[in-house]
Structures are given as C-alpha cells and as structure tokens.
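It should be emphasised that the depicted structure is a prediction, and the values quoted were computed from it without experimental measurement. When a ligand or atom number is given, it counts from 1 through the structure's own listing order.
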Amino acid sequence: MSKALDGVRILDFTHVQSGPTCTQLLAWFGADVIKVERAGEGDITRGQLRDIPDVDSLYFTMLNHNKRSITVDAKNPKGKAVLEALVKKCDVMVENFAPGALDRMGFTWERIQELNPKMIVASIKGFGPGPYQDCKVYENVAQCAGGSASTTGFRDEVPLVTGAQIGDSGTGLHLALGIVTALYHRTHSGRGQRVTCAMQDGVLNLCRVKLRDQQRLAHGPLKEYSQYGEGIPFGDATPRAGNDSGGGQPGRILKCKGWEKDPNAYLYFITQAPVWGAICDMIGEPGWKTHPDYAKAEARLPRLNAIFERIERWTMTKTKFEAMDLLNQHDIPCGPILSMKELAEEPSLRATGTVVEVDHPKRGKYLSVGCPIKLSDSPADVKRSPLLGEHTDEVLTELGYTREQIQALRAERAV
Ligand code: CAO
C-alpha cells in the first residue's frame, strides 16, 4: 500500500524534541526524512537520559523513527556543498535551531530560494517576532510563556507545568500541519514558502479556553470554577482552577477504592447536565432530581464542592474501572486516571498501534508511542530510529557522489 507522503523528501535539520516530533509524523506518513547531524555526537538527545551505556537514549529513539541519518558538518565548505545538493533535491527543510543559526550557516531564505524555488522551509522558534524573538526556548519555558503554567495547578499554590509536552510536541504537530498545507499550496502555486511556528503561539493556541475565560471575567465570575462556590472573589486574570472542568460541564477528579495506597486510584467525573438524573440515581440521591438546589445546572454551580463530595463518597466504594463500567452504562462521561504502566500494558492500544514494540540493534526491544493519527489508506509502520550516520553513504550515493569522493569527504571531516 502506498503512503500518503510517498515521494516527499524532507531535509531534517531538527534536534531535541519539537522539530523531531514534526518530522517523525511526516516520516510515518511516508515522507523520506533525511536527518542531518554532526559527526561524533549527533542530535544531543542521543546521549541524554541514557538508560543503557553507549546506546541511543529512549529520548532519541522515540522521536526519530522511520528516518535516515546522515552526518554533515555544515560549517565545512564541502559539507555545505552536500547540504546545498540536498536542498536542491528535497521538497521541505525543517529546522528548530536557535534564532539566527540557519542564517549563520549560510542558509538564508534568499539563498535557499536561489537553490530551489520550490523548497518549503519550516521552522520552530521559541517566540515569534517581538521582544523575545532571539531567545532560546525549551518546553517548560514555552508552557510558562504561553499561558499554560499560569492556569495550571491549584489557586493558592505555585503555577505548574504539565506532563504533556505541549510546547515541544504540540508545536511539532502544528508545524506538521503547516508543512502539508504548504505542500498542498505548492501544487497550484508552484512555489515554496516559509512555515514558522513559535512555541509560545502553539501553547497559547492549546490554552484557547483560558483566554476565553479571561474575557468572560469582565462580565462576572466564572461560575464553573470551584472558587465561585467557595465565595472567593476573582482577580483580574484567569486563575488556576485545579481539576475543575475547562468546559461548560462541571467535572472533578475523585478518589476511588484503593486511593490510600495507589496514587492513580482516581476517576475524572463529569456532571453532564443531560444525564444528571442518572447520576442522582447512581449515587443514591434520587431526591436531587427535583430538589430546587440541585435539579437545574445553574442552581448546582454554587454547590459544586458539596455535590462532588457526595459523588466521591460513591466513587470511593468502587475501583476506577468498576466506576467507569457502571457510569458508562448510563452514558455518564468519566475517565480513569491511567498510569504510564497501565497505558503501556493496555491491549487495545497495542492492537491499534498507538503503543508499539520496536526492535533496535543496540538496545533490543522497547516500547514507543506509535502514530496517533490513523489514515485508512496510509497506515504508519513504526521503524526503528537510525544509528548516527547510518545512511551517510547511501544518501551521498543518491546525490551522485562516488565512493572515492565519499572517502575524501570523510577524510576532510566534511561528513
Ligand atoms: N554542522 C555544523 N554545525 C551545526 C550542525 C551541523 N550539522 N548542526 C548544528 N550546528 C550548530 C549550529 O549552526 C549552531 O551554531 P552557531 O551557534 O555557531 O550558529 C550550534 O550548532 C548550536 O545550535 P543551537 O543554538 O540551535 O543549539 P543549542 O543546543 O545551543 O540550543 C535550543 C538548543 C533547543 C535551545 C535551540 O536550538 C532553540 O531555541 N531552538 C528553537 C526552539 C526549540 O525548538 N526549542 C525546543 C527544543 S526541544 O525542547
């Protein structure tokens, strides 16, 4: 079966997490992704957080599947000539160097257009144009600068970063969409273009509902936030809301049976208005269906703490999976708090390829997250990440270099 992006060649100048997330997705959809690294060390993540000595880390292997690796010294004139040959041959260049690094290598937008007017140049930076445009940025900086940290955590406690890598992987996802959009545009414009994503913008996009709440504050308290029921006045910025639901249906994380020993024996419970009657019956409060303090969603808002305390007395009598089964029989939305261990062992995620076992020549078998986007005619087969420079000779040969020329490049440390 052919792949959706068969024939698309990507010059992958990415490193660490944000850029590699993007090019890995494109590789899963069938693009030929040629990852350029420096000889010797390669992508810095190959050596970071290593669990096995001298073996590419899981950090690297889990972000670089289905790619080819070529080592090139971009600052060596002959290495630069190799890169120029790749620019002419490829459809897309993706990079996430610090601001200005690509220009300093000599690959300005103008130069790239001279070499290949159809080239799409896709970049991730920490910030867009403005006061911080020259700053280097990592995940948690983006979470803080993009509005996530100020709205995550509990009201009286410090801002929190989240375990979801919304700054790195989130921006990589945004960039991948920009690239396929530019590729589509090129089919009728005939031209390449620049695609840029700032991590701050990507995080803010994912925090859209919090900017919604910021504007709602001008018109009164945010009644679905528990602080409303607690009688605590709102300030002038969207507050941290603990585990309150971000939508119009109040929700909360509640203890389940075993919570005293198991840190993940919890369930997210949503008091969705259309199933309020079923919730009342389930928890043993049928009177709440008609009681004026509880019957209507608006009346419940000042009483959310008391309501969730009552529901929790019920969830604490069930395991999170028992509660999930019982509640779903009545279409009551809820979700167990699943640990990474539980996710790694979940058979349905293995069956769909969302969790995959990959074999690596140096580390052996390991688990990874497969492609979360499923295309019926272009399934993603997860192939192991490349060893450093594994495809240098192969790619140089495709570019027309002879074996002698490749040896000469190596002798000069250009590749
Ligand atoms: N040959 C020769 N030189 C190379 C090379 C190659 N193949 N690959 C990289 N380099 C050089 C670059 O040209 C750059 O040199 P100069 O500083 O002299 O121009 C140098 O390596 C370092 O690049 P960098 O500044 O991008 O790397 P860093 O480790 O110092 O910073 C990071 C890392 C992520 C903070 C920075 O790249 C950045 O801010 N990127 C944009 C935002 C981003 O994507 N952040 C998310 C990272 S994932 O958490």
Side-chain angles (χ1 to χ4, degrees), residues 11-24 34-49 57 59-60 62-64 67-87 93-108 111 121-130 132-146 148 161-176 178-179 195-203 386 388-389 391-392 395-396 409-410 412-415:
L11 174 50
D12 181 9
F13 237 145
T14 68
H15 64 160
V16 201
Q17 184 180 162
S18 62
T21 301
C22 165
T23 51
Q24 177 169 258
I34 302 165
K35 183 170 175 105
V36 178
E37 298 177 83
R38 265 185 288 201
E41 59 185 289
D43 187 324
I44 194 168
T45 61
R46 284 188 187 265
Q48 280 179 339
L49 310 176
S57 69
Y59 195 9
F60 177 84
M62 291 176 72
L63 285 162
N64 289 284
K67 303 180 185 178
R68 298 198 281 171
S69 165
I70 166 172
T71 51
V72 183
D73 181 353
K75 290 178 178 160
N76 175 306
K78 293 201 172 148
K80 206 165 149 194
V82 170
L83 287 171
E84 293 193 349
L86 277 167
V87 169
M93 178 197 275
V94 192
E95 63 92 21
N96 68 311
F97 290 124
L102 196 64
D103 287 0
R104 286 194 291 278
M105 271 182 205
F107 289 105
T108 59
R111 177 64 185 141
V121 178
S123 301
I124 290 177
K125 300 291 164 236
F127 294 93
Y132 306 121
Q133 64 189 25
D134 293 327
C135 298
K136 287 184 176 181
V137 168
Y138 284 103
E139 170 69 46
N140 287 346
V141 176
Q143 288 195 25
C144 293
S148 177
V161 293
T162 157
Q165 304 288 283
I166 57 177
D168 280 340
S169 290
T171 310
L173 272 163
H174 282 89
L175 193 73
I179 290 169
V195 180
T196 49
C197 282
M199 293 167 74
Q200 181 184 42
D201 302 6
V203 171
L388 179 59
H391 304 96
T392 303
V395 172
L396 289 173
L409 286 174
R410 223 171 238 127
E412 292 183 47
R413 298 182 181 282
V415 298

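- Of the protein's heavy atoms, Asn96 O, 2.9 Å lies nearest to atom 40 (N) of ligand 1.
- Two residues are said to be in side-chain contact when any heavy atoms from C-beta on lie closer than 4.5 Å; Gln17 and Thr45 fail this criterion.
- Residues Val415 and Val82 come closest through the heavy atom pair CG1-CG2, 4.3 Å.
- Protein heavy atom in closest approach to atom 30 (O) of ligand 1: Lys136 NZ, 2.5 Å.
- Rounding to the nearest 0.5 Å places CG of Asn140 at 7.0 Å from CD of Gln165.
- Look at Ser18 and you'll find a heavy atom under 4.0 Å from some atom of ligand 1.
- Residue Asp168 has at least one heavy-atom neighbour below 4.0 Å for each of these atoms of ligand 1: 46 (C), 47 (C), 48 (S), 49 (O).
- Scanning both residues, Lys78 and Asn76, for their nearest heavy atoms gives N-OD1, 2.8 Å.
- Below 4.0 Å from some heavy atom of Val72 lie the following atoms of ligand 1, by number and element: 1 (N), 6 (C), 7 (N).
- When all heavy atoms of Asp168 and Glu139 are compared, the closest pair comes out as N-OE1, 2.7 Å.
- Atom 45 (N) of ligand 1 has Val137 O, 2.7 Å as its closest protein atom, hydrogens excluded (heavy atom only).
- Counting only heavy atoms of the protein, atom 15 (O) of ligand 1 lies nearest to Lys75 NZ, 2.9 Å.
- Between the CD atom of Gln24 and the CG atom of Asp12 there is a distance of 10.5 Å, given to the nearest 0.5 Å.
- Distances between N or O atoms of Ala74 and those of ligand 1 include at least one value under 3.5 Å.
- Here is the list of ligand 1 atoms found below 4.0 Å of a heavy atom in His15: 26 (O), 27 (O), 33 (C), 37 (O).
- Residue Ile124 has at least one heavy-atom neighbour below 4.0 Å for each of these atoms of ligand 1: 41 (C), 44 (O).
- The aromatic rings of Phe97 and Phe13 sit perpendicular, their planes meeting at an angle over 60°, well past the 30° parallel limit.
- How far CD1 of Ile166 is from OG of Ser148: 3.5 Å, rounded to the nearest 0.5 Å.
- Under 4.0 Å from ligand 1, the heavy atoms of Arg104 that appear belong solely to its side chain.
- The protein non-hydrogen atom at the shortest distance from atom 9 (C) of ligand 1 is Phe97 CE2, 3.3 Å.
- Close contacts of ligand 1 with Tyr138, meaning ligand atoms under 4.0 Å from a residue heavy atom, involve 33 (C), 34 (C), 35 (C), 49 (O).
- A donor atom on one side chain and an acceptor atom on the other are not found under 3.5 Å apart for Lys35 and Thr23.
- The single protein non-hydrogen atom nearest to atom 36 (C) of ligand 1 is Ala98 N, 3.6 Å, given as residue, atom name and distance.
- For atom 20 (C) of ligand 1, the closest heavy atom belonging to the protein is Arg38 NH2, 4.1 Å.
- Side-chain contact between Thr392 and Ile70 is present, with at least one heavy-atom pair separated by less than 4.5 Å.
- Scanning all protein heavy atoms for the shortest distance to atom 12 (C) of ligand 1 gives Met105 CE, 3.8 Å.
- Under a 4.0 Å criterion applied to the non-hydrogen atoms of Asp73, ligand 1 contributes the atoms 1 (N), 2 (C).
- In this structure, a donor-acceptor pair under 3.5 Å is present between the side chains of Ser123 and Glu95.
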